[in-house]
Amino acid sequence: MLLSVLCGWLLNGAARAQVPYNVIDWKAPTTLNTYLVQQLHQQSNQRRAAFAAALKSGAAMQAYQDTVRARYRRLLGPLPTRTPLKAHVGGKIERDGYLVEKIIYESTPRHHVTANLYVPKGKGKWPAVLLFCGHEATAKATESYQKTAILFAQNGFVVLVIDPISQGERYQLTDATGKPLTRGGTTEHTLLNGGAALVGTSVPAAQLWDNVRGLDYLLTRREVDPDRIGCIGNSGGATQTAYFIGYDPRVKVAALCSYVASGERNLELTGPADGCVQIPGAGQAGLDIAEWPIMFAPKPLLLLAGRYDFIDYASIQATYHELKQVYTELEKPSRVNLFTYDDGHGISKPKREVAVAWFRRWLRDDGQLVPENDLATLSAEQLNCTATGQVNTAFPKESTLSEQYLGQAQELASRRQPLTYASLTAAIRHVLALPEATVIVPPVEASDEGSVQAKGIPMRKLLLRRAGQPPLPALLAMPPNNLPPSKVIIWLPDKGKATLADSANLVAQYLQERAAVLLVDLRGFGETTDPAAFNDPKYYNREYRPALLALHLGRPLLGQRVEDVFSVLSFIRQDNRFNALPIEVYANGRAAPVALHAAVLSPQITRLEISDLPSSFHEILTQPTRKDWYSLVLPQVLRYYDLADLAAVIGPQRLHRRDVR
C-alpha cells in the first residue's frame, strides 16, 4: 500500500509539473512500461504455446529441448576458443579434514580468474562440484558460500568456488590502486553488458566462459572423477548455474538456490535485473526462466527456495511445475525436486544440508542425511589468491572485459567494408529491428486535445496514434496571422516538449520564418518518461527499466523511437497543410541518434540539426562509466556501422550540428 501511495504521488507530481503542456489525460508515465509489458506477454504467450505442444510426447519434448539449445547458442553469440589455462596454485591452507587451495587460471589470454579449491583429505577419485557465487562483494569469501563448500568437502566432494566478474578479486573497472570505479558489482556488470551488446556478446556469456574453463581446470586435477561433476549456485550464482547447465553437458547434477533470470513474471513485477542476468533478445528467442533447466532435463535437478525471499516465490513454483511436467514426460519425475524453507534469500543452513544430501544421492549413490555442525570460516584476505587482492593490480597486463570489448570493436571497424546505401539501410533495419521498407506503415490518427498558450504563442495539443504503437503527445504551433507555412520543423527534445514550450523564444523565431513547429515527445520522453522510482540509480541510466525491457524483447528503445519518427512523418504526409513542404528535424541528447537513423532511412527529412550527439557507439566502450548509455545500446551494431557512417551518408548538405540544448 505504501509503495502504491508513493508511486501515485510521484506520478501525479510529475504530471503537475507539466500540466499546461500535457496532452495525455491518463497517468502518462505508465504508458511506455505498460506497452513493453504487453509486448512481453505476447512473446510469452507464443512461448507457452510451443511448450504446451512439446508436452504431447517424450519425442516432442526432446525436439523442444533441441530447439531451445539452438536458440540459446545463437543468443550467446560466438564464444572464445580454448587457450592454455596457465593455472597455478598460489597457496594452500590446511583445515580440519580438508585443504583450501588458492587457484588462478586464465579463461582467455591474460584474463585471470581467482578461485578457491576445497579438497577432502584422503585418497581416491572424488566427485566434484562447481559453486557459483551470488552478488556479494566478497564472492568466494562470503560466509554462506564458504560453509557450503566446507560441508561438501566434509562429505567427500572437491569444490571449486569461483569469483565472478566484478566481485571478489575480479573488479574490471578500477583505478590504478585497484579501487572499483562504480558503486558495486551489479553496476559494473550492467555497464559492461551494455558495451558487450554493441559487439554482439554479453556479460552472461563472459561469465559462462569463465565457468566452462573452471570445469576444464577441475578435470585436470587427479583427485577429481570426471564422470561425477555437479554444479550449484545461489541468487546471481543460480543464474550462472542455469546458464551453465544449459550449455555444458559434462555436468551431471545441479541445484539452483534463490534462482532468478529474465522471466516474464519477474520482469513485470520488479523489472530487469543487473547485467550478468540480462541477455539481450532472450524474450524474442522465446527463452524464459524455465528454459535453461529444461535443457538440463532429465538429469537430477534441485530447486532451493525461501518462502519469504524477495525473489517472487510464485515464479519458482511455476518453474518447478513446468520442470515436473518435463521430467515426467521424459520418464524421470523423481529427478527434479523443490525444497522450500521458511526463510528469505540465500543458501541458509537447511538449504545447504538438503543440497549436499541431494548431491550425495546422485553422485555418491547414498541417501544419507547431512547435518551441518559449527563451521569455521576464513577472512577474505586469508582466501585471496592474488598478492594485492585484485587481478587488475596483481597482473600489470591484465586483459579486462572492457579492454576486450574495445579490442573487438576495433577489429570489427577494421574489417567493415563501405556499404552501399541499400546495404546500409538493410543493416539499420536489422539492428533496429524495424519492419522491412516494403511493409506499409499504418495511418496515423491525430486527435485534437485542445490548445495552450506558451508565453503568448498559441499551440494545439495533438495526440498521434498509430496501431500497435504507444501514442505520441505533441504541440503544434502555426505561423502568425494565418500565413501558410513554408516548411515544417519537427523538434525532438531530449527532456520533452515542455522544456521548449517554456522557452518560447526559439519557437517564435521559427514561426516568424513561416515554419510550422511540431514539438513531439517520443516514447519515454517528456510526458511518458518512466518514473525515477522504477529505475535504480545503481544502473547509471534514468530509463534502465524500459531500455532493458526493450532489449529483452529484441526491439531496442532507439529503434522503437525511430518508428515514432516515422509516425510523425506519416502524420505530416497525411495532412494537406504540410504534405508538400520540406521537413526539418531538430533533435538533441538521446533523441539525436534517433533522428540520425531516421534521416538515413527517410528522404522526407530535408535538413537535420542535432546537438549533444555522442561521437560514436565506440565512445560507449571507451567511457563505460558514463550515464545513460543504455538508451542508445543496439546489439551487434558495430558489426555493421557506427554513427559516423550514418553522418557520411546524410552528408553536410542535410546534416548540421548546433549548440542549442
**Nearest-0.5 Å distance, CD1 of residue Ile165 to CG of residue Asp210** =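 Between atom CD1 of Ile165 and atom CG of Asp210 there are 4.5 Å.
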**Item:** Distance, nearest 0.5 Å, that separates OH of Tyr544 from CG of Leu549
**Value:**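 Here the rounded value is 10.0 Å.
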**Request:** In sequence, state the C-alpha distance, the side-chain angles, and the governing distance for Glu101 and Asn116, and then conclude on side-chain hydrogen bond (donor to acceptor under 3.5 Å, both in side chains).
**Result:** CA-CA 6 Å; Glu101 297 186 7; Asn116 290 152; over 6 Å; no
Please check if the side chain of [X] supplies one atom and the backbone of [Y] the other of a donor-acceptor pair under 3.5 Å.
X	Y	answer
Thr174	Pro180	no
Thr270	Asn266	yes
Gln146	Ala141	yes
Arg213	Pro84	no
Tyr105	Ala115	no
Arg307	Tyr341	no

**Prompt:** Given the rule in the salt bridge (Lys or Arg N to Asp or Glu O under 4.0 Å) test, do Asp366 and Arg361 qualify, once you have shown the distances and angles that lead to the verdict?
**Reply:** CA-CA 5 Å; Asp366 72 50; Arg361 174 183 173 186; over 6 Å; no
Side chains of [X] and [Y]: donor-acceptor distance under 3.5 Å anywhere?
X	Y	answer
Thr142	Ser144	no
Thr386	Asn384	no
Arg360	Asn155	yes
Arg221	Tyr217	yes
Thr108	Gln404	yes
Glu291	Tyr64	yes
Thr319	Glu322	no
Thr388	Thr393	yes
Asn234	Tyr145	yes

Min side-chain heavy-atom separation [X]-[Y] under 4.5 Å:
X	Y	result
Arg364	Phe157	yes
Leu330	Gln62	yes
Leu160	Val129	no
Val224	Trp126	no
Lys125	Glu223	no
Glu106	His111	no
Val251	Lys299	no

Distance-only donor-acceptor hits, side chain of residues 190-205, under 3.5 Å, sequence neighbours excluded:
| residue | atom | partner | partner atom | Å |
| --- | --- | --- | --- | --- |
| Thr190 | OG1 | Thr186 | O | 2.8 |
| Thr190 | OG1 | Gly275 | N | 3.1 |
| Asn193 | OD1 | Val203 | N | 2.8 |
| Asn193 | ND2 | Gly275 | O | 3.1 |
| Asn193 | ND2 | Gln278 | O | 2.9 |
| Ser202 | OG | Ala205 | N | 3.2 |

Locate the shortest heavy-atom distance separating [X] from [Y]; write the atom from each residue and the value.
X	Y	result
Ala254	Ile245	CB-CG2, 3.8 Å
Arg335	Trp358	O-CZ2, 3.4 Å
Ile162	Cys133	O-SG, 3.6 Å
Asp248	Leu215	OD2-CD2, 3.8 Å
Tyr243	Tyr72	O-OH, 2.7 Å
Gln390	Gly178	CG-O, 3.7 Å

**Prompt:** Are Gln382 and Ser379 close enough, and set up right, to give a side-chain hydrogen bond (donor to acceptor under 3.5 Å, both in side chains), and what steps lead you there?
**Reply:** CA-CA 5 Å; Gln382 288 174 299; Ser379 68; 3.2 Å; yes
**Request:** For side-chain hydrogen bond (donor to acceptor under 3.5 Å, both in side chains), just list the numbers for Tyr540 and Thr182, CA-CA rounded to whole Å, side-chain angles, deciding distance to a tenth of an Å, and then say yes or no.
**Result:** CA-CA 9 Å; Tyr540 283 32; Thr182 65; 5.4 Å; no
Does a side-chain N-to-carboxylate-O contact under 4.0 Å join [X] and [Y]?
X	Y	result
Arg545	Asp536	no
Arg170	Asp163	no
Glu264	Arg48	yes
Arg352	Glu143	no
Glu188	Lys538	no
Asp227	Lys252	no
Glu372	Lys349	no

**Request:** Let me see the working for Leu256 and Leu304 under side chain to side chain contact (heavy atoms under 4.5 Å, CB included), right down to the final yes or no.
**Result:** CA-CA 6 Å; Leu256 305 170; Leu304 301 163; over 6 Å; no
**Request:** Using the side chain to side chain contact (heavy atoms under 4.5 Å, CB included) rule, take Leu302 and Ile232 through it: C-alpha gap first, then chi angles, then the decisive distance, then the call.
**Result:** CA-CA 9 Å; Leu302 174 67; Ile232 185 172; over 6 Å; no
**Request:** Report yes if the distance between the aromatic ring centroids of Tyr539 and Tyr630 is under 6.0 Å, otherwise no.
**Result:**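 Distance test on ring centres: not under 6.0 Å, no.
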**Item:** Pi-cation contact, Phe51 with Arg47 (under 6.0 Å, within 45°)
**Value:**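 Pair Arg47/Phe51 counts as cation-pi.
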**Asked** Where do Leu151 and Lys147 land on the side chain to side chain contact (heavy atoms under 4.5 Å, CB included) test, with the steps shown first?
**Response** CA-CA 6 Å; Leu151 190 60; Lys147 289 184 175 180; over 6 Å; no
**Prompt:** Does Arg95 have any side chain to side chain contact (heavy atoms under 4.5 Å, CB included) partners at least two apart in sequence or in another chain, and if so, which?
**Reply:**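 Applying side chain to side chain contact (heavy atoms under 4.5 Å, CB included) to Arg95 gives Ile93, Tyr98, Val100, Ala376, Leu378.
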**Request:** Please identify each residue that fulfils ring-ring contact (aromatic ring centres under 6.0 Å, His included) with Tyr171, with sequence neighbours left out.
**Result:**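 Tyr171: no ring-ring contact (aromatic ring centres under 6.0 Å, His included) contacts found.
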**Request:** Go through the steps for Ser235 and His135 under the test side-chain hydrogen bond (donor to acceptor under 3.5 Å, both in side chains), then give the verdict.
**Result:** CA-CA 7 Å; Ser235 187; His135 290 138; 4.8 Å; no
**Request:** Start with the C-alpha gap between Tyr118 and Phe152, add the side-chain angles, then the distance that decides, and say whether ring-ring contact (aromatic ring centres under 6.0 Å, His included) holds.
**Result:** CA-CA 9 Å; Tyr118 291 71; Phe152 269 111; over 10 Å; no
